[in-house]
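Remarks on the structure that follows.
The shown structure was predicted, so the numbers you read here are calculated from the model rather than taken from an experiment. Heads up: numbering here begins at 1 and tracks the sequence.
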Amino acid sequence: MPTVDRNRLDDAASPYLQQHADNPVNWQPWDDEALAAAREQDVPVFLSIGYSACHWCHVMEEESFEDDEVAEVLNESFVPIKVDREERPDIDSLYITVCQLVRGQAGWPLSVFLTPEGKPFYVGTYFPKEPKRGQPGFLQLLRDVRENWSDPAERQEIEERAEQWAAAARGELEDVPDQPAESPDADFLDAAASDALRSADREHGGFGRGQKFPQPARLHVLLRAHQRTGRENYRAVVTETLDAMASRGLYDHLGGGFHRYCTDRSWTVPHFEKMLYDNAEIPRAFLAGYQVTGDERYAEVVRETFDFLDAEMRHPEGGFYATLDARSPPLDHREGGAGEVEEGAFYAWTPDEIRTALDAYGDHDDLDADLCCDRFGVTEPGNFEAGLSVLTLATSVPALADEHGLDEAAARERLDAATGTLQAARSERPRPRRDEKVLAGWNGLAVAALAEGALVLEDERWADLATDALAFVRERLWDPEGVPAAGADADADDTVGRLQRRWKDGDAGIDGYLEDYAFLGRGALACYEATGDAEHLAFALDLARCIEDSFWDAEQGTLYFTPAGGESLVARPQELGDSSTPSSAGVATRLLAALDGFVDHDRFGDVAASVVGTHATTLEENPLKHPTLTLAADDVAVGPLELTVAGDLPEAWRTTLATTYLPERLLARRPAADDALDDWLDTLGVDAAPPIWAGREARDGEPTVYACRSRTCSPPTHDLAEALEWAADLAPGSE
């Protein structure tokens, strides 16, 4: 008989699960053994979902899961299961959807009571141990659920509610329209940007009037629409938002990189965790903003963020870790002294701490301290808690110079030196904990950002980081032999590769989800564009074939988040909307549309068009919730701007590409002559040149570019600017 008489998390690879291995709660991982135990014992499952950097997850652990009284009730009357949402986004998606449907909001820790069949009947987020501020106490909640489960009449009501909620989840996550609608045309982008404009906070930047979350895909929608329509309001919303994110508390002004989100409208106080996905997707928005505006500050933010990834988030052999915690031990001199960890302790300062650090770690005077405090908004009252200040760019350098009677160059020189000293001082503080699992999909986001950065910033360092990370994931998480292909067009002996989601300390596990294949595929394609290495293109095509084979449902006309034949949950989710990460369906659709010209069939393009058509009504009703899928719809509507380059990429062309905003760009690099293509075709596993390369040789022994839109191509030219001018005449909105 299955038992749950001990905590089974000590062997878990997830650092989040390992953090709970010493709890008195007999936590189980989500597996067949735990679920079988619930069925055998006929007791409910208590499911707790969180992640390593989650502040309130830690709080609930300290208050309840480390408490013997709570543990006794959980162990005797429930099967307690702990899930890392970063490892199992499918489980998280299912039950977070239920929470949103039932309560109108959701978050982490996510606390769900399930029947032994996995159907939810009570859901919430953080619960204090005892009732507090209108919240029920967790201990009493456990006792109430136990009592109701044991009462036949209440049990029947619980099971009926569980059926209703499970059906609602299936409807929300699985359903597609009975008939696809007409796909959005090129004008839809303007309508989506108009929606984003209406939701923008024109006073503080960003969107909405409450807590501020990064919304990078919305910024891409606005910039693309600005290019097409010339509407300056679209561009203004982007620059207002980028300026706010770069100058306020979301950004780490000493160490580089972005925190998760800000708790206030003015972007001042963040939740301090740093996530790999934010530090990939936000820089991509800054790169686009830099190309549109030429603002060097945007480029500097990207460089500093990439330096942060290299210094703080990188495995020595190339892959990127998942997160840095929000909390760290407080400094000894602060109120309460050393002991319990605190959110933001590593990042926040007092004026006295600024002065002490400048004195202890460098040769600075009182003026330097005054300049730093004024520059970064460090005051006695503070802007955070307990007199601490989150660093922001509170005063401009010219204003500081004027206030302190300095010329601007001298003020900047003093500030730069003092800032370096503060960086050194902060590096000696107790550091936040790092979650060192490597996730395939999140690494794909970082790879794509770094590869794009190599092109836009004209710096090969970023391409090296990108390709190293791609190689790390490919070596450890990718099986090219994989499994027998299951697609409708597959032969009996066809196989597709298989991607695992998570690597930690030599252990790879968890079958990849759509986001892993799509995000990593986008990264591989970006590496091909940045380096011209056909191996990266071949890998992107392999991942695209897996997407078609395992996640595409031709009958429903959609891409599911979990693979066909994967673990059966209450619902098989789709991921159409953006959340903390881009929509996996949107990224996959964009990837398939981009790769269509590299294959000798139309399936990739057909899948992309079908997904857009299936969800056209959803997009038109709420493009703000689906910005990545909106961009995918526009990709399908207008097609890529193919820039086929035969031969090496001249430096002048690199500069043109770096400084020119081309949101539909697909840089298709190839050897100069057709007789040099054979090795590339072998790498791709094809017999003939794909359409995007066919017949596009270099002319006159010089690098040659062909610009193509909708199967209409410019004459071959040795002048990239000339090719782009030709393409501009065919661009949407150019009539």
Side-chain angles (χ1 to χ4, degrees), residues 7 9-10 12 14-25 27 48-68 70-71 82 84-86 107-111 125-129 132 138 249-250 252 254-255 257-263 269-276 278-279 308 312-313 321-350 352-353 356-357 382-391 422-423 425-437:
N7 186 314
L9 300 187
D10 51 345
S14 160
Y16 175 65
L17 298 189
Q18 289 174 357
Q19 289 165 22
H20 294 78
D22 293 328
N23 292 168
V25 176
W27 289 116
S48 176
I49 303 177
Y51 57 100
S52 179
C54 168
H55 171 69
W56 288 104
C57 300
H58 297 312
V59 173
M60 191 166 177
E61 177 187 15
E62 290 158 3
E63 291 179 347
S64 293
F65 302 147
E66 293 178 352
D67 182 89
D68 290 333
V70 170
K82 178 64 74 171
D84 182 344
R85 67 175 293 263
E86 296 170 354
W108 300 275
L110 184 64
S111 303
T125 53
Y126 159 77
F127 293 105
K129 179 186 174 184
K132 186 187 302 182
F138 185 59
L250 188 77
D252 179 358
L254 291 184
F258 291 89
H259 301 294
R260 174 75 276 272
Y261 68 94
C262 285
T263 62
V269 178
H271 264 315
F272 291 91
E273 60 261 44
K274 287 183 173 181
M275 320 298 288
L276 178 58
D278 286 322
N279 289 287
F308 156 72
E312 300 287 341
M313 301 290 283
Y321 301 129
T323 66
L324 289 182
D325 207 321
R327 309 194 312 169
S328 56
L331 308 189
D332 289 347
H333 67 268
R334 288 182 182 167
E335 184 177 350
E340 295 299 320
V341 292
E342 295 177 356
E343 184 173 16
F346 183 73
Y347 300 100
W349 296 79
T350 67
D352 283 346
E353 289 173 354
T356 299
N383 59 21
F384 179 34
E385 58 187 28
L388 293 168
S389 292
V390 177
L391 302 190
L422 293 178
Q423 290 169 341
R426 198 182 76 171
S427 69
E428 298 298 319
R429 291 179 169 183
R431 305 186 69 81
R433 182 166 47 192
R434 184 169 62 189
D435 184 328
E436 295 188 349
K437 64 177 178 285

Where do V341 and P330 come nearest, in terms of heavy atoms and distance? CA-CD, 4.2 Å
Apply salt bridge (Lys or Arg N to Asp or Glu O under 4.0 Å) to the pair E62 and R327, showing each step before the final yes or no. CA-CA 13 Å; E62 290 158 3; R327 309 194 312 169; 2.7 Å; yes
So, F384 versus F272, ring centres under 6.0 angstrom or not? yes
Any carboxylate oxygen within less than 4.0 angstrom of a Lys/Arg side-chain nitrogen, looking at K132 and E63? yes
Under a 4.0 Å threshold between the charged nitrogen and the carboxylate oxygen, would R260 count as salt-bridged to D278? yes
Which atom names give the shortest non-hydrogen contact between C54 and P109, and what distance separates them? SG-N, 4.0 Å
Supply the atom-to-atom distance D67 CG to M60 CE, rounded to the nearest 0.5 angstrom. 11.5 Å
Strictly below 4.0 Å, N to O, side chains only: are R426 and D252 in salt-bridge contact? yes
Main-chain N/O of L110 paired to T125 side chain as donor or acceptor, under 3.5 Å: no
Only residue of W56, F138, W108 satisfying ring-ring contact (aromatic ring centres under 6.0 Å, His included) with Y126 is W56
Between CZ on residue R85 and SG on residue C57, distance to nearest 0.5 Å: 9.0 Å
With side-chain contact (heavy atoms from CB on, under 4.5 Å) as the test, would you mind laying out the steps for E86 and D435 before giving the verdict? CA-CA 11 Å; E86 296 170 354; D435 184 328; 3.8 Å; yes
Pair K437 + D84: basic N to acidic O under 4.0 Å: yes
Worked verdict on S64 versus F127 for side-chain contact (heavy atoms from CB on, under 4.5 Å): CA-CA 9 Å; S64 293; F127 293 105; over 6 Å; no
Closest approach of H271 to H259 (non-hydrogen atoms, all atoms of both residues): O-CB, 3.3 Å
Would you name the heavy atoms of A345 and R429 that are closest together and state the gap between them? O-NH1, 3.6 Å
One pair to check against side-chain hydrogen bond (donor to acceptor under 3.5 Å, both in side chains): K82 and S48. What are the steps and the verdict? CA-CA 5 Å; K82 178 64 74 171; S48 176; 2.6 Å; yes
Could you measure the distance from the CG atom of D10 to the CG atom of L17? Nearest 0.5 Å is fine. 11.0 Å
Indicate yes or no: at least one non-hydrogen side-chain atom of L276 is less than 4.5 angstrom from one of T323. no
Can you name the nearest heavy-atom pair linking A357 to A425, along with the distance? CB-CB, 3.6 Å
Quick one: CE on M275 to CG on L324, what's the gap to the nearest 0.5 Å? 9.5 Å
Could you tell me whether K274 sits above the aromatic face of F308, with NZ or CZ closer than 6.0 angstrom to the six-membered ring centre and within 45 degrees of the axis? yes
side-chain contact (heavy atoms from CB on, under 4.5 Å) between R433 and H58: does it pass, once the steps are laid out? CA-CA 12 Å; R433 182 166 47 192; H58 297 312; 3.3 Å; yes
Show the atom names and distances, to 0.1 Å, of all donor-acceptor pairs under 3.5 Å that link a side chain in residues 18-25 to residues at least two apart or in another chain.
from	atom 1	to	atom 2	distance (Å)
Q18	NE2	A12	O	2.6
Q19	NE2	S52	OG	2.9
H20	ND1	Y16	O	3.0
N23	OD1	W27	NE1	3.0
N23	ND2	E61	OE2	3.0

Can you tell if the side chain of N279 reaches within under 4.5 Å of the side chain of M313, non-hydrogen atoms only? no
side-chain contact (heavy atoms from CB on, under 4.5 Å) between L254 and L391: does it pass, once the steps are laid out? CA-CA 8 Å; L254 291 184; L391 302 190; 3.7 Å; yes
What's the verdict on side-chain hydrogen bond (donor to acceptor under 3.5 Å, both in side chains) for Y321 and E312, showing C-alpha distance, side-chain angles and the deciding distance? CA-CA 9 Å; Y321 301 129; E312 300 287 341; over 6 Å; no
Closest approach of D325 and P432, non-hydrogen atoms and distance? O-CB, 3.3 Å
